[in-house]
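Data first, discussion second: the structure below is written as structure tokens.
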Amino acid sequence: MKQLVFATANAHKIAEVNRLLQGLYEVVPMHVLGITEDIPETADTLQGNALLKAQYVHQRLGIDCFAEDTGLEVEVLNGAPGVYSARYAGPHNDAQANMRKLLDALKGCDNRRARFRTVIVLIYKGQTQLFEGIVPGHIAQVPAGTNGFGYDPIFVPQGYDRTFAQMSTAQKNAISHRSKAIARLVDFLKKQP
Ligand code: IMP
């Protein structure tokens, strides 16, 4: 089977992508091919960081690969925390602290509109391709639910009255930003000879 390297160390994301690409590609995590270091994410956009990660792996291994970056964009905060979602409350990607900081920033605020956005950069046969997935929604008043990770307990997708953390993995994956971006990646790959 054809192979595609995924520039991530996140086991949850690797499993998710593997499921969607089953039968089409074998998704190989970068650590399996010897890239175990953290790749610097120094760009100020999701696209910039995904590109940095994909280019890093491509330069090291010279094979087709892709990377993704995700952010939570809050309308009234002009898109923050956005590309800085993981480090919103400090350098340690502490989900509880990040959620607390965001709820504080929105205290007393009626407009709680927000969206998750995922950008995937694929380097395929030397060409760079971009795929995006967005899920609109709003920030809850208080955290609810225990499933998922990151900001899931405070994000309510549009059309639902539950947070991502109150949904099963399958329910979240059916509508999530990352699934949408991956579906576009899969569409592209299926069209390739
Ligand atoms: P990264 O793209 O994995 O670096 O994620 C950036 C930040 O957004 C981290 O704090 C993640 O926990 C958070 N995040 C990414 N995807 C999701 C998601 O599907 N649900 C909740 N939080 C997420």
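- Within 6.0 Å of CD in Glu37 there are more than 12 heavy atoms belonging to other residues, nucleotides or ligands.
- In this structure, the side chains of Val83 and Thr45 stay at 4.5 Å or more apart for every pair of heavy atoms.
- A distance of 11.5 Å separates CD1 in Ile139 from CD in Glu75, rounded to the nearest 0.5 Å.
- Closest heavy-atom contact between Val119 and Gln47: CG1-CA, 3.8 Å.
- Under the 4.5 Å side-chain heavy-atom criterion for ILVMFWY residues, no single connected hydrophobic cluster contains both Val17 and Ile134.
- In the hydrophobic cluster analysis, where Ile, Leu, Val, Met, Phe, Trp and Tyr join through side-chain heavy atoms closer than 4.5 angstrom, Leu61 is grouped apart from Val121.
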Would Arg112 and Gln141 count as a side-chain contact (heavy atoms from CB on, under 4.5 Å) here? Give the steps. CA-CA 9 Å; Arg112 306 183 74 86; Gln141 296 288 345; 3.5 Å; yes
So Leu77 and Leu106, side-chain contact (heavy atoms from CB on, under 4.5 Å) or not? Walk me through it. CA-CA 9 Å; Leu77 301 178; Leu106 293 180; 4.3 Å; yes
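- Closest non-hydrogen pair, Ala144 versus Ala165, comes out as O-CB, 3.5 Å.
- One finds the CZ atom of Arg60 at 12.0 Å from the SG atom of Cys65 (value rounded to the nearest 0.5 Å).
- The distance between the ring centers of Phe66 and Phe131 does not fall below 6.0 angstrom.
- By the rule that hydrophobic residues join a cluster once side-chain heavy atoms approach within less than 4.5 Å of another member, Leu189 and Phe6 end up as members of one cluster.
- When only modelled atom types and interatomic distance are considered, Gln166 and Asn147 share no side-chain donor-acceptor pair under 3.5 Å.
- Proximity of Tyr151 to Ser85: side-chain heavy atoms (C-beta onward) are separated by under 4.5 Å at one or more points.
- Under a hydrophobic clustering in which Ile, Leu, Val, Met, Phe, Trp and Tyr are joined whenever their side-chain heavy atoms come within less than 4.5 Å, directly or via other members, Ile123 and Val5 fall into different clusters.
- Rounding to the nearest 0.5 Å gives a distance of 12.5 Å between CD1 of Ile182 and CG of Asp187.
- Minimum heavy-atom separation, Ala140 to Leu103: O-CD2, 3.2 Å.
- Listed for the Ser179 side chain is no donor-acceptor partner under 3.5 Å among the backbone atoms of Ala174.
- For the pairing with Glu41, the side-chain contact (heavy atoms from CB on, under 4.5 Å) check across Asp69, Leu52, Leu46 returns one residue only, Asp69.
- Rounding to the nearest 0.5 Å places CZ of Arg178 at 13.5 Å from CG of Leu185.
- Between the side chain of Asn93 and the backbone N or O of Arg87 there is no donor-acceptor pair closer than 3.5 Å.
- Taking a cutoff of 4.0 Å between a charged side-chain nitrogen and a carboxylate oxygen, Arg184 and Glu132 do not qualify as a salt bridge.
- The 12-atom threshold is not exceeded at CG of Asp38, counting heavy atoms of other residues, nucleotides or ligands nearer than 6.0 Å.
- In this structure, the side chains of Leu33 and Ile63 come closer than 4.5 Å at one or more pairs of heavy atoms.
- Across every non-hydrogen atom of Pro153 and Met99, the tightest pair is CD-SD, 3.7 Å.
- Leu24 has its side chain within reach of Lys190: a pair of non-hydrogen atoms, C-beta onward, lies under 4.5 Å apart.
- Residue Tyr124 holds its OH atom at 9.5 Å from CD of Gln129, rounded to the nearest 0.5 Å.
- With respect to Lys2 and Glu26, no salt bridge is recorded, no charged nitrogen being found less than 4.0 Å from a carboxylate O.
- Checked by atom type and distance alone, the side chain of Lys180 never pairs as donor or acceptor with a backbone atom of Val135 at under 3.5 Å.
- By the criterion of side-chain heavy atoms lying less than 4.5 angstrom apart, applied directly or through intervening Ile, Leu, Val, Met, Phe, Trp or Tyr residues, Leu72 is not grouped with Tyr84; the two fall into different hydrophobic clusters.
- When all heavy atoms of Asp64 and Lys125 are compared, the closest pair comes out as OD1-N, 2.9 Å.
- A salt bridge links Asp104 with Lys107; the closest basic N to acidic carboxylate O contact falls under 4.0 Å.
- Here the side chain of Gln22 pairs no donor or acceptor atom with the backbone of Asn18 at under 3.5 angstrom.
- Within 6.0 Å of OH in Tyr160 there are 12 or fewer heavy atoms belonging to other residues, nucleotides or ligands.
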Show the numbers, then the answer: is there a salt bridge (Lys or Arg N to Asp or Glu O under 4.0 Å) between Asp152 and Lys172? CA-CA 10 Å; Asp152 279 345; Lys172 180 188 167 189; 3.0 Å; yes
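- A heavy-atom distance below 4.5 Å is not found between the side chains of Asn98 and Pro81.
- Looking at Glu73 and Arg113, no side-chain N of the basic residue comes within less than 4.0 Å of a carboxylate O on the acidic one, giving no salt bridge.
- Gly150 and Ala95 make their closest contact through O-CB, 3.8 Å (heavy atoms, listed as atom of the first residue, atom of the second, distance).
- Here CG of Leu130 is found 10.0 Å from CG of Leu122. Values are rounded to the nearest 0.5 Å.
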Could you check Gln171 against Thr169 for side chain to side chain donor-acceptor pair (under 3.5 Å), going step by step and ending with a plain yes or no? CA-CA 6 Å; Gln171 283 169 330; Thr169 306; over 6 Å; no
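- Lys53 places a side-chain N or O within donor-acceptor distance of the main-chain N or O of Glu68, the cut-off being under 3.5 Å.
- Relative orientation of the Phe164 and Phe155 rings is tilted, given thresholds of 30° and 60° on the angle between their planes.
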